[in-house]
Number of protein chains: 2
Amino acid sequence: MRKPATSPSIPGLGEGQRGEAGHLGYLLRQASLAWRARMEHALAEFAVTPPQFAALTMIGAYPGLSSADLARLSLLTPATVAGIVANLKRAGALTARRHPVHGRILQLALTAKGNAQLARCKRRVYSLEARLAEDLSPAEEKAVRRWLALAARAG
Amino acid sequence: MRKPATSPSIPGLGEGQRGEAGHLGYLLRQASLAWRARMEHALAEFAVTPPQFAALTMIGAYPGLSSADLARLSLLTPATVAGIVANLKRAGALTARRHPVHGRILQLALTAKGNAQLARCKRRVYSLEARLAEDLSPAEEKAVRRWLALAARAG
DNA sequence: GGGATATTGTTAGGGTCCTAACATTCTATT
DNA sequence: AATAGAATGTTAGGACCCTAACAATATCCC
């Protein structure tokens, strides 16, 4: 069976609404799905998922930050962050201890293992990321960056 | 409690690595998360999720396409599509019937209810989408579209 | 001191996404 | 015809991500 061709004309990845002329929201979704898939495969060797990598990066950059801080930084809800943190803690990549004064806050910090893992992941991801801009002129890259930052804010 | 300020200097959404100067992959993730959240809120009234809207749109555009076709179109796995289709079917928005000749293929098509729902969703989403490009010059929008299509393909 | 208010984190449940393993059906080759 | 190969769809298990409701802690204001 070499492709039953159920429907007559289903477009490939660059054609129809799936190419540059398609809806911006759809293009954004597609690009994000593809990037996430590439990240997943690149990080699979280290048993780290893309969201875990993002969390490790932020905790590495701001040691001692709280779970709520991490949620705000990641644009995620506290409930979602709790799951990610639980998995990283179970893997021994980070520690969560109560704030000495403010009894409810959890202060997150990387363990030595978490730091080593983060360093390995960073090398891998950054080399992948370099290919994300290689076909862009400086002016184009500037436009893309401006738009992405804009889209993250409001619209 | 007005913000305990666990860590000294955690950047806001436009600052540090979270602004235009940050990593492209991180910016893409942020933009996509924010867009998805806006979509979810816009579609919540119709009890449709963004992935469901994407599936409805594609089935509406290519009636009779198979579950595998839908997976390829969406850059998703067959298993993921099965879940989305099951939810839409349970809601009465689509039908899945066996191909008359090719006994294993499922042919997907919208019901009247699904079509009406899709029309309502489209109006809502497209008006939201218009705001996604309103601050972009034509040249910038062209650059963004080219990059998104490129990122969806390979890198 | 004693609330109203706000923030933090937790729990429960649903939808999305993956990999891995599998059964089913059809095509191609021998 | 018989077998190998390829495509379709299914199931099980795990990680992400959300909303909603809740418990615990800290601040503000009287």
Side-chain angles (χ1 to χ4, degrees), chain A residues 1-6 29-30 32-45 47-55 65-72 74-91 96-108, chain B residues 1-6 29-30 32-45 47-55 65-72 74-91 96-108:
Chain A
M1 183 199 287
R2 200 51 95 170
K3 243 180 198 176
T6 336
R29 174 186 157 87
Q30 256 193 175
S32 180
L33 278 171
W35 169 246
R36 186 194 172 110
R38 266 173 283 159
M39 284 264 289
E40 259 170 12
H41 290 137
L43 294 178
E45 170 186 352
V48 171
T49 65
Q52 285 171 359
F53 171 70
L65 95 175
S66 72
S67 180
D69 287 333
L70 183 53
R72 279 187 292 266
S74 314
L75 297 183
L76 301 175
T77 61
T80 297
V81 165
I84 298 173
V85 164
N87 284 331
L88 288 172
K89 195 174 168 186
R90 181 158 43 80
R97 62 181 60 178
R98 294 287 172 184
H99 193 287
V101 172
H102 197 297
R104 189 149 179 80
I105 292 179
L106 289 176
Q107 287 192 303
L108 307 176
Chain B
M1 183 200 287
R2 200 49 95 170
K3 242 179 200 176
T6 337
R29 175 186 157 87
Q30 257 193 175
S32 180
L33 279 171
W35 170 246
R36 185 194 174 109
R38 264 173 283 161
M39 285 263 288
E40 260 169 12
H41 290 136
L43 295 177
E45 170 186 351
V48 172
T49 65
Q52 285 170 358
F53 171 70
L65 94 175
S66 71
S67 181
D69 286 333
L70 183 53
R72 279 187 292 266
S74 314
L75 296 183
L76 300 176
T77 62
T80 298
V81 166
I84 298 173
V85 164
N87 285 332
L88 288 172
K89 195 174 168 186
R90 181 157 41 79
R97 63 181 60 178
R98 295 286 171 184
H99 192 286
V101 173
H102 198 296
R104 189 149 179 79
I105 291 179
L106 289 176
Q107 287 193 301
L108 307 176

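Residue numbers start from 1 in every chain, and the chains themselves are labelled A, B, ... in the order their sequence lines are given, proteins ahead of strands.
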Taken to the nearest whole Å, CG/A:L43 to P/C:dC18 is 16 Å

Among D:dC18, D:dT10, D:dA15, find the nucleotide with the atom closest to the side chain of A:Q52.
-> D:dA15

Using only side-chain N and O atoms of A:N87, determine if any of them is under 4.0 Å from OP1 or OP2 of D:dG14.
-> no

Are the side chains of A:L106 and A:R98 in touch, meaning some heavy atoms are under 4.5 Å apart?
-> yes

State, to 0.1 Å, how close B:Q30 and A:L75 come at their nearest heavy-atom pair, and which atoms those are.
-> O-CD1, 3.8 Å

How long is the line joining CG of B:L75 and C1' of C:dC17, in whole Å?
-> 13 Å

Could you check how far CZ of A:R36 sits from P of C:dT16, rounded to whole Å?
-> 14 Å

Look at the side chain of A:R104 against the base of D:dT25 and say whether a donor-acceptor pair falls under 3.5 Å; ignore hydrogens and angles.
-> no

Which whole-number value in Å describes the distance from A:Q30 CD to C:dC17 C1'?
-> 16 Å

Is any side-chain heavy atom of A:E40 closer than 4.5 Å to a side-chain heavy atom of A:T49?
-> no

Base, sugar-phosphate, or nothing for B:A79, non-hydrogen atoms under 4.0 angstrom?
-> base

Report yes if a side-chain nitrogen or oxygen of B:H41 is closer than 4.0 Å to either non-bridging phosphate oxygen (OP1 or OP2) of D:dT19; otherwise report no.
-> yes

With nearest nucleotides of DNA chain C determined for B:R90 and A:A82 from heavy-atom distances, which residue corresponds to the more 5′ nucleotide?
-> A:A82

Does a side-chain heavy-atom distance below 4.5 Å link A:L33 with B:L76?
-> yes

Distance, rounded to the nearest Å, where B:M39 contributes CE and D:dC18 contributes P = 15 Å

Separation of atom CZ in B:R98 from atom P in D:dG9, rounded to whole Å = 8 Å

Do any side-chain nitrogens or oxygens of A:T77 fall under 4.0 Å of OP1 or OP2 in D:dT19?
-> no

Side-chain N or O of B:T80 closer than 4.0 Å to phosphate OP1/OP2 of C:dT16 = no

For residues B:P51 and B:R36, determine if any side-chain heavy atom of one lies less than 4.5 Å from a side-chain heavy atom of the other.
-> yes

Separation of C:dT16 C1' from B:L33 CG (nearest whole Å) | 13 Å

Counting side-chain heavy atoms from CB outward, which of C:dT16, C:dC18, D:dC18 is closest to B:E40?
-> D:dC18

In whole angstrom, what separates B:I105's CD1 from D:dA7's P?
-> 12 Å

Below 4.0 angstrom from OP1 or OP2 of C:dC17, is there any side-chain N or O of A:R29?
-> yes

Between D:dG9, C:dG9, C:dA20, spot the one nearest the side chain of A:S67, thanks.
-> C:dG9

